[in-house]
Protein chains: 2
Amino acid sequence: MAGRRETRRIGIADVALKAGVSHATVSRVMNGNTSVDPVIAARVRAAATELKYKPNPMGRSLALGKSDTIGIVVPDLSNPTFQAILRGLSVAAARDGYRVLIADSSEVSSEEAILAGEARRRCDGVVLCAPRMSDAELEELAPSLYPLVLINRTTASVPTPSLVVDYGQGIQELGAHLVGLGHRRLLYLTGPEASASNVQRLAGLRQFTADFPGVELQILPGGNTFDAGFEATDAVQASGATGILVFNDLAAMGLLNGLSARGIRVPEDISVTGFDDMPFARYTMPPLTTAAVPIASLGDLAWRRMRDLIMNNDAESPTDYFAPQMEVRGSTGPVRA
Amino acid sequence: MAGRRETRRIGIADVALKAGVSHATVSRVMNGNTSVDPVIAARVRAAATELKYKPNPMGRSLALGKSDTIGIVVPDLSNPTFQAILRGLSVAAARDGYRVLIADSSEVSSEEAILAGEARRRCDGVVLCAPRMSDAELEELAPSLYPLVLINRTTASVPTPSLVVDYGQGIQELGAHLVGLGHRRLLYLTGPEASASNVQRLAGLRQFTADFPGVELQILPGGNTFDAGFEATDAVQASGATGILVFNDLAAMGLLNGLSARGIRVPEDISVTGFDDMPFARYTMPPLTTAAVPIASLGDLAWRRMRDLIMNNDAESPTDYFAPQMEVRGSTGPVRA
DNA sequence: CTGAAAGCGCTAACAT
DNA sequence: ATGTTAGCGCTTTCAG
């Protein structure tokens, strides 16, 4: 029925024919490496532009053994954190002429390894965000993925760059901020148990209680959603704590709403902190005190590390620690006299 | 210095050697197309698994003329709308064994065409979100991009599927909702002038005023940011309108904050609507009445259309209209008596 | 049913 | 400086 507009793709051979030279010469002028007679070069270029010739990346990739593409595997593309990393990575890589291929493991840990391997075969390197994968599995997988950049993970099996956010330090800063405001009865509303970043916050808080022996710190199971924060309202109120450290901004917003619904004033009666500094954290009522994770620059740095690995393939393999930046806003204030 | 762990990639030849057969036979087993003696097949498979052989996608792509990859070009990866489309597309494509390559044009219209062309050469098809590109340019570009799926654009130059969100209808529904609540003095707080979706909303509102001759509709320049909404507060108040249609949720939230700061109650004094139904729209105070754009299913459908194009390459080329779904919440109420 | 050989489009040694 | 030739790793006729 419908007539196909099969505009047969034109290849290097067509240009060669039109310019009256060999494939090799066309390749040479297209890549500008070796020297070609200027007049012939011009003739080739003319033929190329006239035919709108563009080299076929597949042929190129096969011959060169590289694809100018890097892969990123993320656990969940709907998570703003990974979206920001992806964007930072993509923009930075594009500046150097690289593209990015995405693989979403949908939080399934078994998929993470498979997708990473597949991505690596199609790409020149892999940026891996695999929070669910076990250390053992990562250790086994890592060598086959080189060049590899890890996000929020490290591995000993192979020297490879890691970018890790120091959640433990961030929560300690927030805690210290509350103590500085006179709070002595604190409460941490946890995230998901399995979450590695929750574990890091807990470790940070152990250090925190050691540093501030006079401060009471309760721990209450929470979650990472708005609703989880909202539902914890009663338990928070019952705890008697005056300073609440919430796992993340989303849950903190839920708690804020719950407290407001019960007529508890923030920060007059209770101070609340979040974590992440989501775009909306500054627009809650009151605006949320939180810790900002510089996720966009994380993606950017991920590319720089990857590029070092690819270009001078003898790069160092540092671990970069990202210190969250505390943002003090209206949801924290002096403890009630 | 650092010892390279050059684990030479193993290819089809290694498997052939190990199994004592030819490359061709290995290829046959791996693809399961043609019939191979069961015992030989088993031997090949054994060799393959033992060597952990995985076919090299580049070789495959070159031979087959396909990459099992589709490209998506977006104007801005930090825009939640495109993130959601990307995710929907990626997940859907993955189910069929396809990957997605991303290209972020950073809102630069001239980049859109180049990136799309490049993506097309590396991929089996392109999903194009190019709001900035002129119709003429799109028309010229489209044929070379086939298989192509357009988002929020259509073109006449070639029959190709389009997915368009009907912003005009959404804003009309919201307007009718306000009229139903008794409002007779409405105001539309616009988005960016250049935005195609703003133009569509304006067109929808022209229809709206034609349908409701007794209703007054003012139009005020706004923007698509929280701050733009906030800054419009005074002008909104001065307008005397009781029902405010805001370009999007973000600006609506800004307006909500501004009104609250001036002691104007919503919805008792003024009703406010947004557009998009962002995740936080339900958590504002009061929760925001808005129109939900089913963006995730948009990505999903984009893949289905693409797949139809790729598989039965004689598919139809329909235009799918997405009708926004109104979400009535607390920010709209009866006009004050 | 299987192996030999051609070819996908390109780059790079090797000749000339 | 340019053409010839040999791959890159795989699929697919084409013989046998």
Side-chain angles (χ1 to χ4, degrees), chain A residues 6-48 51-69 97 117-118 120-124, chain B residues 6-48 51-69 97 117-118 120-124:
Chain A
E6 285 301 349
T7 333
R8 192 183 66 68
R9 290 237 169 263
I10 63 123
I12 201 172
D14 303 286
V15 181
L17 191 67
K18 175 145 199 149
V21 295
S22 70
H23 333 295
T25 298
V26 176
S27 173
R28 284 192 264 260
V29 332
M30 296 309 291
N31 295 295
N33 307 324
T34 21
S35 54
V36 185
D37 183 306
V39 36
I40 293 198
R43 185 150 37 103
V44 169
R45 254 187 291 274
L51 294 174
K52 294 195 214 300
Y53 167 70
K54 298 281 192 295
N56 175 329
M58 292 175 192
R60 229 164 164 282
S61 291
L62 188 56
L64 257 29
K66 62 197 278 294
S67 58
D68 291 353
T69 301
E118 262 193 15
R120 179 59 186 84
R121 245 169 284 122
R122 302 189 115 81
C123 303
D124 302 344
Chain B
E6 285 298 349
T7 333
R8 194 182 64 68
R9 290 237 171 264
I10 63 123
I12 201 172
D14 303 284
V15 180
L17 192 65
K18 176 147 198 148
V21 294
S22 69
H23 332 298
T25 299
V26 176
S27 173
R28 285 192 263 259
V29 221
M30 297 308 292
N31 295 295
N33 306 325
T34 19
S35 53
V36 183
D37 184 304
V39 33
I40 293 197
R43 184 148 40 103
V44 170
R45 254 185 292 274
L51 295 175
K52 295 196 211 302
Y53 168 71
K54 298 281 193 295
N56 175 328
M58 291 174 191
R60 225 160 169 283
S61 291
L62 188 55
L64 257 29
K66 63 197 275 297
S67 59
D68 292 353
T69 300
E118 262 193 16
R120 179 58 186 86
R121 246 169 284 122
R122 300 189 116 81
C123 302
D124 301 345

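Chain naming here is simple, since letters A, B, ... match the order of the sequence lines and numbering starts at 1 in each. All heavy atoms count here, side chains included; hydrogens, waters and symmetry mates do not.
DNA chain C lies under 4.0 Å from at least one heavy atom of each of the following residues of residues 22-30 of chain B: B:Ser22, B:Ala24, B:Thr25, B:Arg28.
The list of salt bridge (Lys or Arg N to Asp or Glu O under 4.0 Å) pairs with a residue in residues 14-35 of chain A, not counting sequence neighbours, reads A:Arg8-A:Asp14, A:Lys18-A:Glu50.
With sequence neighbours excluded, the residues forming a side chain to side chain donor-acceptor pair (under 3.5 Å) with A:Lys66 are A:Asp68, listed by chain and number. Taking the side chain to side chain contact (heavy atoms under 4.5 Å, CB included) definition, one finds that B:Ala63 meets it with nothing, sequence neighbours left out. Partners of B:Thr69 according to the side chain to side chain donor-acceptor pair (under 3.5 Å) rule, which considers only residues two or more places apart in sequence or in another chain, do not exist here. With sequence neighbours left out, the salt bridge (Lys or Arg N to Asp or Glu O under 4.0 Å) criterion links A:Asp37 to no other residue. In terms of the side chain to side chain donor-acceptor pair (under 3.5 Å) criterion, residue partners of B:Arg60 (sequence neighbours excluded) are, by chain and number, B:Asn31. By the side chain to side chain donor-acceptor pair (under 3.5 Å) test, A:Thr25 pairs with A:Ser22, sequence neighbours left out.
Using a 4.0 Å heavy-atom cutoff across all strands shown, B:Gly11 reaches sugar-phosphate atoms only and no base atom.
Across the protein-nucleic acid pair, A:Lys54 atom NZ and C:dG9 atom P stand 17 Å apart, rounded to whole Å. The nearest whole Å value for the distance from the NZ atom in A:Lys66 to the P atom in C:dT11 is 11 Å. A:Asp68 places its CG atom 14 Å from the C1' atom of C:dT11, with the value rounded to the nearest Å. Look at CG on A:Asn31: it is 17 Å from P on C:dG9, rounded to the nearest Å.
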request  = Verify side-chain contact (heavy atoms from CB on, under 4.5 Å) between A:Arg122 and A:Ser67, making sure each step is shown before the conclusion.
outcome  = CA-CA 7 Å; A:Arg122 302 189 115 81; A:Ser67 58; over 6 Å; no
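Comparing B:Val36 and B:Leu62 by the nucleotide of DNA chain C whose heavy atom lies nearest to each, the residue mapping closer to the 5' end is B:Val36. For the pair B:Gly20 and B:Gly59, both in contact range of DNA chain C, the more 5′-proximal nearest nucleotide belongs to B:Gly20. Where B:Ala13 and A:Asp37 each meet DNA chain D at their nearest nucleotide, the meeting point lying more 5' is that of A:Asp37.
Put simply, the side chain of B:Val29 reaches to within 4.5 Å of the side chain of B:Arg45, judged on heavy atoms.
Scanning DNA chain D 5' to 3' for nucleotides with an atom closer than 4.0 angstrom to a non-hydrogen atom of chain B gives a first and last hit of D:dG9 to D:dT13.
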